[in-house]
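Read the structure below first, then the notes.
Nothing here was measured: the structure is a model prediction, and the numbers come from that model. Values below: all heavy atoms of this structure, side chains included; hydrogens, waters and symmetry mates excluded. In what follows, chains carry the letters A, B, and so on, assigned in the order in which the sequence lines appear, proteins first and then strands, with residues in each chain numbered from 1.
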There are 2 protein chains.
Amino acid sequence: MSTPTIYDVARAAGVATSTVSRAFSNPQRVSAPTRELVERVATELGYEPNPHARALTSRRTQTIAMVVSDITNPHFFEIIRGAELRAKASAHTLVLVNAEESPRIEREQVNRLSRSVDGFLLAASRLPEGDLAELAGTHAVVMVNRQVAEIPSVVLDQREGCRQLVTHLSSLGHTSLAYLCGPRESWMAGSRWAAIRDAAAESGVSAVRMGPFTPRVAHGAAAADAALTTGATALIAHNDLLAIGVLQRLAARSVRVPDDISVTGFDDIFAAELCTPSLTTLGGTHANVGRAAVELLLEAAAAPRRSPTAVQQLVLPSQLILRNSTGQARGRRGPA
Amino acid sequence: MSTPTIYDVARAAGVATSTVSRAFSNPQRVSAPTRELVERVATELGYEPNPHARALTSRRTQTIAMVVSDITNPHFFEIIRGAELRAKASAHTLVLVNAEESPRIEREQVNRLSRSVDGFLLAASRLPEGDLAELAGTHAVVMVNRQVAEIPSVVLDQREGCRQLVTHLSSLGHTSLAYLCGPRESWMAGSRWAAIRDAAAESGVSAVRMGPFTPRVAHGAAAADAALTTGATALIAHNDLLAIGVLQRLAARSVRVPDDISVTGFDDIFAAELCTPSLTTLGGTHANVGRAAVELLLEAAAAPRRSPTAVQQLVLPSQLILRNSTGQARGRRGPA
DNA sequence: TTCGGGACGGCAAGCAGTTGCCAAGGTGTT
DNA sequence: AACACCTTGGCAACTGCTTGCCGTCCCGAA
């Protein structure tokens with residue numbers, strides 16, 4: 001009556017339950033004719049394996065959790081999309097959890113799910129490295145937008161991207177940059193600043209760091225005000241949300257962009273193209289980041305614990321998207 | 001050695017496993033002293049119940065699935081956020097799945113998960129009513145952005161919202177509206193058109209429906225071109241994405257918005273405020289929609305099947321957000 | 001013809017909980 | 001004092017599937 005089990009299938013097909021089980025989860029262990037028989041009977045009966053019963057003994061759940069540091073950030077949205085698609089392609093289920101920018105919540109969520117998923121995708125994790133190492137010891141873990149020794153990861157190339165960004169600004173005549181820094185716990189924030197600093201030194205321009213700022217539109221005002229005090233002619237915001245907030249504040253203060261000051265962001269979110277002026281930003285194919293991260297995770301989950309294969313730290317190309325928020329430095333305008 | 005089970009806890013506490021089990025999942029069935037003893041021993045041992053074992057017999061998974069018709073639409077993002085938050089508050093896990101605008105994929109995904117979740121949130125479901133009724137017969141289901149008889153749902157008030165929208169346009173002197181319709185399978189598209197048609201009749205303005213169009217930015221061009229042939233002076237796009245595409249196309253064709261033509265959208269996505277001109281749109285607190293939907297689902301899942309409580313069809317208020325994409329009808333400009 | 005070995009299928013013991021049923025003990029009533 | 005009844009904890013069957021181990025059977029080689 002209710003949903004059929006392997007027992008029903010086994011009886012109907014005249015084989016043992018173990019054969020039915022193997023036909024599904026280990027097909028090459030069963031001869032082709034038997035397998036086909038089982039499959040046919042199963043579809044006739046409308047049999048679907050019970051994922052919980054399966055997980056109970058096999059400890060494989062076909063589920064992966066994606067922990068996002070802040071689900072309100074549209075940037076992650078693209079990554080989630082890519083991850084969901086890839087997970088589905090491998091018949092895996094994606095569980096979405098929000099860490100709300102809090103290491104404590106992040107840890108809680110991970111603990112809560114630790115029994116029910118095959119592995120974790122940690123996007124922009126705010127967890128300290130010690131916690132991550134511990135977690136990676138017991139679970140398959142892939143970091144997204146953060147690199148940690150000994151843990152596989154996928155990031156967009158910040159070093160090269162920031163170099164391009166700084167070079168772009170420098171070639172427009174800017175000699176003084178300000179980086180409006182993201183949260184203290186953000187690995188990206190540190191990584192970007194280091195890359196910007198180095199690239200600035202290389203290009204012979206000065207760079208200062210302001211912040212940290214919460215990377216949301218609402219905090220752009222504070223960031224803009226702080227940046228204006230530095231006298232920098234080009235502002236590199238930690239992400240597009242912050243940059244958009246900066247643009248809004250600058251407009252409110254009648255500072256013209258890019259005439260008086262140039263502004264850039266990171267991520268190339270959908271809105272970056274639409275805001276006024278449209279935002280020069282360092283983008284990349286975020287959906288690919290999500291996809292690649294799932295692939296790494298599936299590999300890690302399949303491999304025997306701590307397999308000899310090197311830990312993969314994927315660095316996907318980023319791309320500088322030039323739009324209208326960057327221009328010639330003040331005083332370098334017109335046919336120089 | 002490995003993770004402790006109720007057996008370990010039971011032995012350490014000197015009680016039966018059933019007592020441990022009850023202490024966790026049915027606390028009032030156990031006397032306070034015993035419960036405290038069990039809890040203390042459990043925390044000492046670091047015991048965590050295994051969700052799969054629990055699900056296997058109890059058939060409760062503490063997990064809900066959210067099926068989204070098109071995960072690339074930022075509008076859903078807000079709903080997902082609200083849902084995730086609410087689910088977490090009740091210690092439930094949110095599984096995210098994408099139906100890719102395909103009824104077939106939607107059905108597949110639902111089937112795949114039917115054993116592993118307590119219920120489904122179907123956002124803008126493209127499934128025919130028959131399928132939905134069947135699904136609702138076996139699972140807890142809550143519709144989001146769609147109403148179906150006998151199934152609980154949460155929607156934003158389209159009827160009143162569309163009336164406000166049409167009134168707004170009519171009061172600006174527009175007498176001829178075009179609705180750029182969403183996908184054929186979209187309940188919202190039908191519902192909006194009906195509301196617009198009625199409101200237009202009431203206000204004595206004409207309204208035509210064009211489309212269907214895929215509600216993405218890229219399809220705005222086709223929609224805009226089609227709309228221009230109608231001579232309508234106000235365009236109501238099925239959602240903000242389409243509206244933004246329309247704006248872009250109109251700009252490319254040197255049609256001024258709102259001077260020559262007014263454009264509105266639905267959803268009030270983040271980008272609606274930032275595009276040029278900023279978009280008049282019918283919004284609402286989408287996060288609340290997600291939250292309310294989860295609440296309804298938790299109720300439905302907790303209630304004994306087909307309980308006598310009436311099926312709740314929640315209609316949350318929508319709100320008209322006036323921005324710069326709507327203005328006086330052509331020829332009605334200046335001090336009339 | 002015999003024998004080693006691989007392929008295949010079956011047995012049964014888990015996996016980690018839940019829950020219906022029962023019995024013991026305590027309380028209140030008559 | 002006897003009896004009914006409620007509370008509490010334990011027993012054990014069950015959930016649905018996986019998997020280590022074993023026994024056949026069949027094939028080719030000696």
Side-chain angles (χ1 to χ4, degrees), chain A residues 1-39 41-42 45-63 91 112-118 302 304, chain B residues 1-39 41-42 45-63 91 112-118 302 304:
Chain A
M1 45 216 74
S2 71
T3 55
T5 71
I6 49 169
Y7 293 98
D8 302 317
V9 177
R11 191 167 342 106
V15 298
T17 60
S18 49
T19 305
V20 178
S21 173
R22 288 194 187 103
F24 280 92
S25 48
N26 198 1
Q28 74 280 19
R29 180 67 177 68
V30 154
S31 70
T34 312
R35 183 179 345 123
E36 277 157 28
L37 169 69
V38 169
E39 276 166 6
V41 172
L45 264 52
Y47 166 75
E48 293 269 353
N50 180 318
H52 297 293
R54 183 173 263 197
L56 189 53
T57 49
S58 70
R59 298 178 177 294
R60 279 177 269 103
T61 63
Q62 302 278 98
T63 299
R112 194 166 64 81
L113 292 173
S114 71
R115 309 288 281 273
S116 33
V117 303
D118 288 347
Chain B
M1 43 216 74
S2 70
T3 55
T5 71
I6 48 170
Y7 294 96
D8 302 317
V9 177
R11 192 168 339 107
V15 299
T17 60
S18 48
T19 304
V20 178
S21 173
R22 290 196 186 102
F24 280 92
S25 48
N26 198 2
Q28 74 280 20
R29 181 68 175 69
V30 153
S31 70
T34 313
R35 183 177 350 121
E36 277 157 29
L37 168 69
V38 169
E39 275 166 7
V41 171
L45 264 51
Y47 166 75
E48 292 270 353
N50 180 318
H52 296 294
R54 185 172 261 198
L56 187 53
T57 49
S58 71
R59 295 176 179 295
R60 278 175 270 104
T61 63
Q62 301 277 101
T63 299
R112 194 165 66 79
L113 292 173
S114 70
R115 308 291 280 273
S116 31
V117 303
D118 289 345

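Checked against dG9(D), dA16(C), dT18(C), the side chain of Thr34(B) finds its nearest nucleotide in dG9(D). Side-chain proximity of Ser58(A) to dT19(D), dT18(C), dC8(C): nearest is dT19(D). Distance from the side chain of Ala16(A) is smallest to dG10(C) among dG10(C), dG10(D), dC17(D).
Contact annotation: Ser31(B) side-chain N/O to dG9(D) OP1/OP2 distance is under 4.0 Å. One finds a side-chain N or O of Arg60(B) lying less than 4.0 angstrom from the OP1 or OP2 phosphate oxygen of dT19(C). Not one side-chain nitrogen or oxygen of Thr57(A) sits closer than 4.0 Å to the OP1 or OP2 atom of dT19(D). Within the structure, every side-chain polar atom (N or O) of Ser18(A) is placed at least 4.0 Å from both OP1 and OP2 of dA12(C). Considering only side-chain N and O atoms, Arg29(A) lies nowhere under 4.0 angstrom from the phosphate OP1 or OP2 of dT18(D).
In this structure, His52(A) places its NE2 atom 14 Å from C1' of dA16(C), rounding to the nearest Å. Per the geometry, CZ belonging to Arg59(A) stands 13 Å off C1' belonging to dC17(D), to the nearest Å. Rounded to an integer number of Å, the gap from Gln28(B) CD to dC6(D) C1' is 15 Å. Rounded to whole Å, the distance from CD on Glu36(A) to C1' on dC8(C) is 15 Å. Taking atom OH of Tyr47(A) as the reference point, atom C1' of dC17(D) lies 7 Å away to the nearest angstrom. Distance, Asn26(B) CG to dG17(C) C1': 14 Å, rounded to whole Å. Here dC17(D) presents its C1' atom at 14 Å from CG of Asn50(B), a figure rounded to the nearest Å. Here dG17(C) presents its P atom at 12 Å from CG of Leu56(B), a figure rounded to the nearest Å.
Here the straight-line distance linking atom CG of Leu45(B) with atom CD1 of Ile6(B) works out to 13.0 Å at 0.5 Å rounding. Considering CG of Asn26(B) and OG of Ser18(B), their distance stands at 11.5 Å, rounded to 0.5 Å. Note that OG1 of Thr34(B) and CD of Glu39(B) are 11.0 Å apart. Values are rounded to the nearest 0.5 Å.
For the pair Val20(A) and Thr17(B), both in contact range of DNA chain D, the more 5′-proximal nearest nucleotide belongs to Thr17(B). Ranked by how close their nearest DNA chain D nucleotide is to the 5' end, Ala32(B) and Pro49(A) are led by Ala32(B).
Residue Ser21(A) is classed as a base contact, given a heavy-atom separation below 4.0 Å to a base. If you check every strand for non-hydrogen atoms under 4.0 Å, Phe24(B) touches nothing.
With hydrogens and angles ignored, no donor-acceptor pair under 3.5 angstrom links the side chain of Arg115(A) to the base of dG17(C). Donor-acceptor pairing under 3.5 Å, judged by distance alone, is absent between the side chain of Arg22(B) and the base of dG17(C). On a pure distance criterion of 3.5 Å, no polar donor-acceptor pair joins the side chain of Arg54(A) and the base of dG16(D). Checked by distance alone, Tyr7(B) brings a side-chain donor or acceptor within 3.5 Å of a matching partner on the base of dG17(C).
In this structure a side-chain-to-backbone donor-acceptor pair under 3.5 Å is missing from Ser21(B) to Thr17(B). Remark: side-chain polar atoms of Arg54(A) are not paired, donor with acceptor, to backbone N or O of Gln62(A) under 3.5 angstrom.
Side-chain atoms of Asn50(B) and Thr5(B), non-hydrogen and from C-beta on, never get closer than 4.5 Å to each other.
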